Undergrad: 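Structure in structure tokens, see below.
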Amino acid sequence: MSEHHDLNSSQREAVRYQDGPCLILAGAGSGKTRVVTHKIARLIQECGLEAHNIAALTFTNKAAREMQARCSALLPDGASRGLTVCTFHALGVSILRREAVHAGLKPQFSILDSDDAYAIIQDLAATTDRALVRRLQNQISLWKNGLVTSEAAQASSTDDATSRAARIFRDYNATLAAYQALDFDDLIVRPVELFEQMPEVLYRWQSRLRYLLIDEVQDTNACQYRLLKLLAGPRAMFTAVGDDDQGIYGWRGATLENLAQLQRDYPNLKVIKLEQNYRSSGRILAAANALIAHNPKLFEKKLWSELGPGEPVIVAAMNDEAHEADSIAIRISALRFERRGKYSDYAVLYRGNHQARVLEQALRRERIPYVLSGGQSFFERAEIKDVCAWLRLLANEDDDPAFIRAITTPKRGIGSATLEALGAYAAKRHLSLFAAACESGFSAQLDARRIEPIEQFTTFVNRMQWRAAREPAGIVLRDMLSAIGLEAWYLDSQDQRAARDRLQNIEDFCGWIEQRAQQDGKTLAELTQLVALIGMLDEKSEDQDAVRLSTLHAAKGLEFPHVMLVGVEEGLLPHKGSADDPATALPARLEEERRLLYVGITRAQRSLHISWCKKRKRARDFEMRERSRFLDEIEIEASAAPEDPTPGLSPQSRLAGLRELLNKTRASSGS
DNA sequence: GCACTTTATGTTTTT
DNA sequence: CATAAAGTGC
């Protein structure tokens, strides 16, 4: 719910302006979501636009959900029905589903996650070198996002490695086409190609989406920008919201240049700056401003605040990551006790997902509830991917990665040798694995013992497909799971606790599918595509009173009364490779690392605690670390904070004192 | 030939 | 410490 102070004059201007393309430069905490939601409400209520003529695009599902919720809250019941609020990728799926015929796809196309894509590339490159495969995958993604075709990549390659990558790119595309599958990048690339080749299809979408709102434009890549331009068309009725200081997805092909490009492409672009910060107290904002002042500016912008100076920013040096995590846990307990606040007022933010592990251990030890955001999403868990493979196969039997996963889960007497024979046969006949398995030509090659499980499998899949097209999604799903014996298979494994966790996750998943099937009337096939894009983790954990553990990237767009930034060290933030080698590291990389810390700092409302470790465990031994150069940049201009929060007392003895206090409290409250 | 157990290995960030 | 390749019963 938004606090109901009136909009300030720039916010009002941003809401009202709709004579043409509009760019809102929204500093951190300047109320941009308020502006966007108010603008949507105004378009519907006062400007005579239908909700289904408006689309608001975001980058994350979380942002989409929040915007959706706030729009519904702002508008009378039902008035937001038909409004499109989703991620770029989800819009891509809707477009491709509806225009499947024109895009040369079946509407039931599969969506591959990056693990599937990785496996395909590994196969094509015929290597086990993980770093190489990752590089190839990355290169292909950058090519796609830059709208470079495999032919163009081949033509422009000057060295052997690039030329080989371009060949793999071509084969990769061919493989995906054979599978009737798309990767994440295709969800944007294919609509762009479709619109450019078929103007009449584009026209249909332009007349449906009459007003566009785009969140976080600074994170758009060339491809997304193109999609935006195509959809906006010559009418150019859109509002883009962004902040050049918060661009943190350069590694994904996003380019801040798009902000400037917007001005070049739309000379009549109205630029409105939101510079009043409603979120952070003075010292926090001063630290943020001091830091970001070290970056070159695309647009001049100075955040200011009417809130008081607040608490000093604390910078603490820790011995190692275990010490850091313990100290964070105890600090949260102590502060929450002192302030009588909620756990959910606290967030611990870090650079890399692996840093969460120590923090989790420390928080568990102190019995502090926490939720993890970012990192492995619910849908990336092995058991969920097992179930999803079955669903994908039902929707699209040409989906070979799904076929392999499904036919081997649980094990049914079909092993690598049989699959290899099947793969060879399928390749020779240009068939998908499933189609090959159904052919009599293939069974003729095998002895009867090995044919039987395959025939059983294909018959079973066909029967479930038949049912999936007719019966409610939830029932089909549950019947299928019990028929394939997943439950027994997991329980057979040695770790009973893990098995029960898995079954619970599968149960949650079934519940989720059931609910969505009933609520939105979606088919199993549609839900399968949705599942590939959505993380359910956050949906489940949003209302809990728990400390939030999050990567800096995943924290964008969120705010917390108390924020703790951990691991603010050279090598981690800035990350090594972004700064290490001045010969290869572009200044842009370092600037992005700086923006990442800026994003972290500006999440904080009332207090900010930054820590770094003098040494950190790497492989088996410790590695000495230096505090991040960014800390110097903050402290020169911001109020200098003591490294040790309690002078005269060593951190260890202070922690011991706090722990004692907490133990007493816990004992007396009896939990 | 299939499924399961041991051993080398190497860590950014997300749809 | 978690994943993926190579090795061992069945």
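It should be emphasised that the depicted structure is a prediction, and the values quoted were computed from it without experimental measurement. Numbered from 1 within each chain, the chains take letters A, B, ... in sequence-line order.
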Undergrad: Measure up the A/F59 and A/F88 rings against each other and bin them: parallel (under 30°), tilted (30 to 60°), perpendicular (over 60°).
TA: tilted
Undergrad: Step through it carefully: locate the ring centre of A/W390, locate the ring centre of A/F457, and say whether they are under 6.0 Å apart.
TA: yes
Undergrad: For the pair made of OH in A/Y249 and C1' in B/dT15, what is the distance, rounded to whole Å?
TA: 9 Å
Undergrad: Using 30° and 60° as the class boundaries, would you call the ring planes of A/Y249 and A/W251 parallel, tilted or perpendicular?
TA: tilted
Undergrad: In terms of side-chain heavy atoms of A/T551, which of C/dA5, B/dT14, B/dT11 is nearest?
TA: B/dT14
Undergrad: For a quick test of reading the model: is some side-chain N or O of A/R357 closer than 4.0 Å to OP1 or OP2 of C/dA2?
TA: yes
Undergrad: Which residues pass the side-chain hydrogen bond (donor to acceptor under 3.5 Å, both in side chains) test with A/T220, not counting sequence neighbours?
TA: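 Expected list: A/N258.
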Undergrad: Between B/dT14 and A/F184, is there a base-stacking contact, meaning the centre of the base's six-membered ring lies under 5.5 Å from the residue's ring centre while the planes stay under 30° apart?
TA: no
Undergrad: Compare the minimum distances between each of B/dT15, B/dT13, C/dA5 and the side chain of A/H553, then state the nucleotide with the smallest one.
TA: B/dT13
Undergrad: Would you say the side chains of A/D399 and A/S110 form a donor-acceptor pair under 3.5 Å?
TA: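 Result is yes, a qualifying pair exists.
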Undergrad: For a quick test of reading the model: is some side-chain N or O of A/Q529 closer than 4.0 Å to OP1 or OP2 of B/dT15?
TA: no
Undergrad: Taking atom C1' in both B/dT13 and C/dA4, compute the distance separating them and give it to the nearest angstrom.
TA: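 Taking atom C1' in both B/dT13 and C/dA4, they lie 23 Å apart.
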Undergrad: Anything under 30° is parallel, anything over 60° is perpendicular, the rest tilted; go ahead and classify A/W143 against A/F169.
TA: parallel
Undergrad: Classify the nucleic acid contact of A/F88 as base, sugar-phosphate or nothing, counting any heavy atom under 4.0 Å across all strands shown.
TA: nothing
Undergrad: At less than 4.0 Å, is any side-chain N or O atom of A/N353 found next to OP1 or OP2 of B/dT11? Yes or no.
TA: no
Undergrad: Hey, does A/E592 reach any base, or is it just sugar-phosphate, or nothing, if we go heavy atoms under 4.0 Å?
TA: nothing
Undergrad: Any protein N or O atoms within reach of nucleotides 2-4 of chain B? Criterion: under 3.5 Å, listing atom names and distances.
TA:
{"from": "B/dC2", "atom 1": "OP1", "to": "A/T418", "atom 2": "N", "distance (Å)": "3.4"}
{"from": "B/dC2", "atom 1": "OP1", "to": "A/T418", "atom 2": "OG1", "distance (Å)": "2.5"}
{"from": "B/dC2", "atom 1": "OP2", "to": "A/A417", "atom 2": "N", "distance (Å)": "2.7"}
{"from": "B/dA3", "atom 1": "OP1", "to": "A/G413", "atom 2": "N", "distance (Å)": "3.0"}
{"from": "B/dA3", "atom 1": "OP2", "to": "A/I414", "atom 2": "O", "distance (Å)": "3.3"}

